[in-house]
Amino acid sequence: MQQPERVMRAIHAMKERGSSKLQVISDFDMTLSRFGCNGRRCPTSHNILDNSRVISEDGKKKLKDLLHHYYPIEIDPNRTLEEKRPLMVEWWTRAHELLAQQKIQKGDIAQIVRESDVMLRDGFTELFDQLHKHSVPMFIFSAGVGDILEEIIRQANVFYPNVNVVSNYMDFDDSGVLTRFKDPLIHTYNKNNSVLQGTAYFQQLSTRTSIILLGDSMGDLTMADGVPSVENILKIGFLNDKVEERREKYLDAYDIVLESDETLDVVNGILRYIL
Ligand code: C5P
Ligand code: MG
């Protein structure tokens with residue numbers, strides 16, 4: 001924390017305002033899901049599809065090449081957001097086109113998720129249970145694949161009615177085969193009002209003026225920008241990768257930065273105090 005007093009003040013103010021004023025806005029991949037497990041990288045919702053048995057060897061190779069080319073750009077602290085944005089659109093567009101060529105069946109999604117190595121961060125049950133119990137809305141805003149991430153939280157038995165997701169959703173034809181992804185395209189650096197306009201759910205949240213924001217990317221910082229009247233916001237960031245190079249920027253941007261922490265303990269502790 002760069003400003004522990006600010007953090008304390010925000011937490012106290014949120015407790016005072018109470019649960020009826022609180023909402024949680026969270027990223028999904030590498031924030032609610034784990035970055036590493038058993039010394040290996042855990043998959044993102046896209047990676048779950050990329051690595052699955054329904055993708056041809058040639059498709060797998062092309063998707064991996066895209067990842068190796070664009071991921072270093074995504075997390076490069078020396079490039080501006082303006083530089084990154086068109087390149088991210090390029091990555092997502094090319095990956096979605098490749099996925100749409102693979103004849104992925106809607107009916108296979110649940111099995112693909114079951115067979116993957118994905119893991120949610122330790123403490124996810126407590127996080128979702130606490131929010132559900134106190135009727136606090138949890139808004140998951142993800143540049144990943146909505147169908148996949150919804151299946152992950154469904155299989156983890158935490159897809160409660162207070163959880164709402166905005167993400168990239170697959171479009172299937174009448175026989176249940178993936179043909180394209182629906183608009184608008186959400187990538188790492190347009191997670192803001194520009195893609196939320198018109199989503200009724202987000203408007204409903206305008207009275208929830210205490211916000212806990214969870215993310216792992218510099219692009220996640222704008223996820224609450226559409227909320228009209230923010231009284232108190234606490235931004236908690238997981239710094240997963242390129243830690244030394246990115247620490248300073250993360251400390252400037254997030255109120256709390258978590259390193260080498262595959263748990264949700266910090267946010268659970270704060271919620272236990274507030275709720
Ligand atoms: O849920 P979240 O917004 O974090 O999802 C986006 C993440 O998915 C990005 O951080 C990016 O690294 C990853 N990604 C991927 N394969 C793609 C596109 C994005 O693994 N084709
Ligand atoms: Mg993420």
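Computed from a prediction, not measured in an experiment: that's the story for all the values here. Remember, it's 1-based here, ligands and their atoms both numbered in the order they're listed.
- Considering backbone and side-chain N/O atoms, A143 comes within less than 3.5 Å of an N/O atom of ligand 1.
- Salt bridge absent: R9 and E5 never bring a charged side-chain N and a carboxylate O closer than 4.0 Å.
- Of the protein's non-hydrogen atoms, the one nearest atom 21 (N) of ligand 1 is W91 NE1, 3.3 Å.
- Residues D50 and K60 are not paired through a salt bridge, judged by the lack of any N-O separation under 4.0 Å between the basic side chain and the carboxylate.
- In summary, the atoms of ligand 1 found under 4.0 Å from a heavy atom of K191, numbered by their order in the structure, are 2 (P), 3 (O).
- Taking a cutoff of 4.0 Å between a charged side-chain nitrogen and a carboxylate oxygen, D220 and K191 qualify as a salt bridge.
- The environment of CG in N38 is sparse: at most 12 heavy-atom neighbours from other residues, nucleotides or ligands sit within 6.0 Å.
- Within ligand 1, the atoms closer than 4.0 Å to a non-hydrogen atom of E74 are 9 (C), 10 (O), 11 (C), 12 (O), numbered from 1 in the order shown.
- For ligand 1, the atoms lying closer than 4.0 Å to a non-hydrogen atom of F28 are 1 (O).
- Remark: R121 qualifies as a cation-pi partner of F238 under the 6.0 Å distance and 45° angle criteria applied to the six-membered ring.
- Counting heavy atoms under 4.0 Å from ligand 1, residue Y71 touches it through the side chain alone.
- Looking at T263 and D261, their side chains do bring a donor and an acceptor atom within 3.5 Å of each other.
- Taking atom 4 (O) of ligand 1 as the reference point, the nearest protein heavy-atom neighbour is D27 OD1, 2.8 Å.
- For a threshold of 3.5 Å applied to N or O pairs, the pair formed by T44 and ligand 1 contains at least one separation below that value.
- Judged purely by distance below 3.5 Å, without hydrogens or angles, the side chains of D216 and T31 pair a donor atom with an acceptor atom.
- Seen from the Mg ion (ligand 2), atom O of D29 and atom OD2 of D27 lie 90° apart in angle, a value rounded to 10°.
- Within the listing of ligand 1, atoms 21 (N) sit less than 4.0 angstrom from a heavy atom of A95.
- If you chain together hydrophobic residues whose side chains sit under 4.5 Å apart, I73 and L185 fall into the same group.
- A single hydrophobic cluster is seen to contain both Y70 and V89, as judged by linkage of ILVMFWY side chains at heavy-atom distances under 4.5 Å, directly or through other members.
- Checked by distance only, ligand 1 and D50 stay at 3.5 Å or farther apart across all their nitrogen or oxygen atoms.
- The backbone and the side chain of D29 each have at least one atom closer than 4.0 Å to an atom of ligand 1 (non-hydrogen atoms only).
- The atom of D216 that is an N, O or S and sits closest to the Mg ion (ligand 2) is OD1.
- The closest protein non-hydrogen atom to atom 16 (N) of ligand 1 is H46 CB, 3.2 Å.
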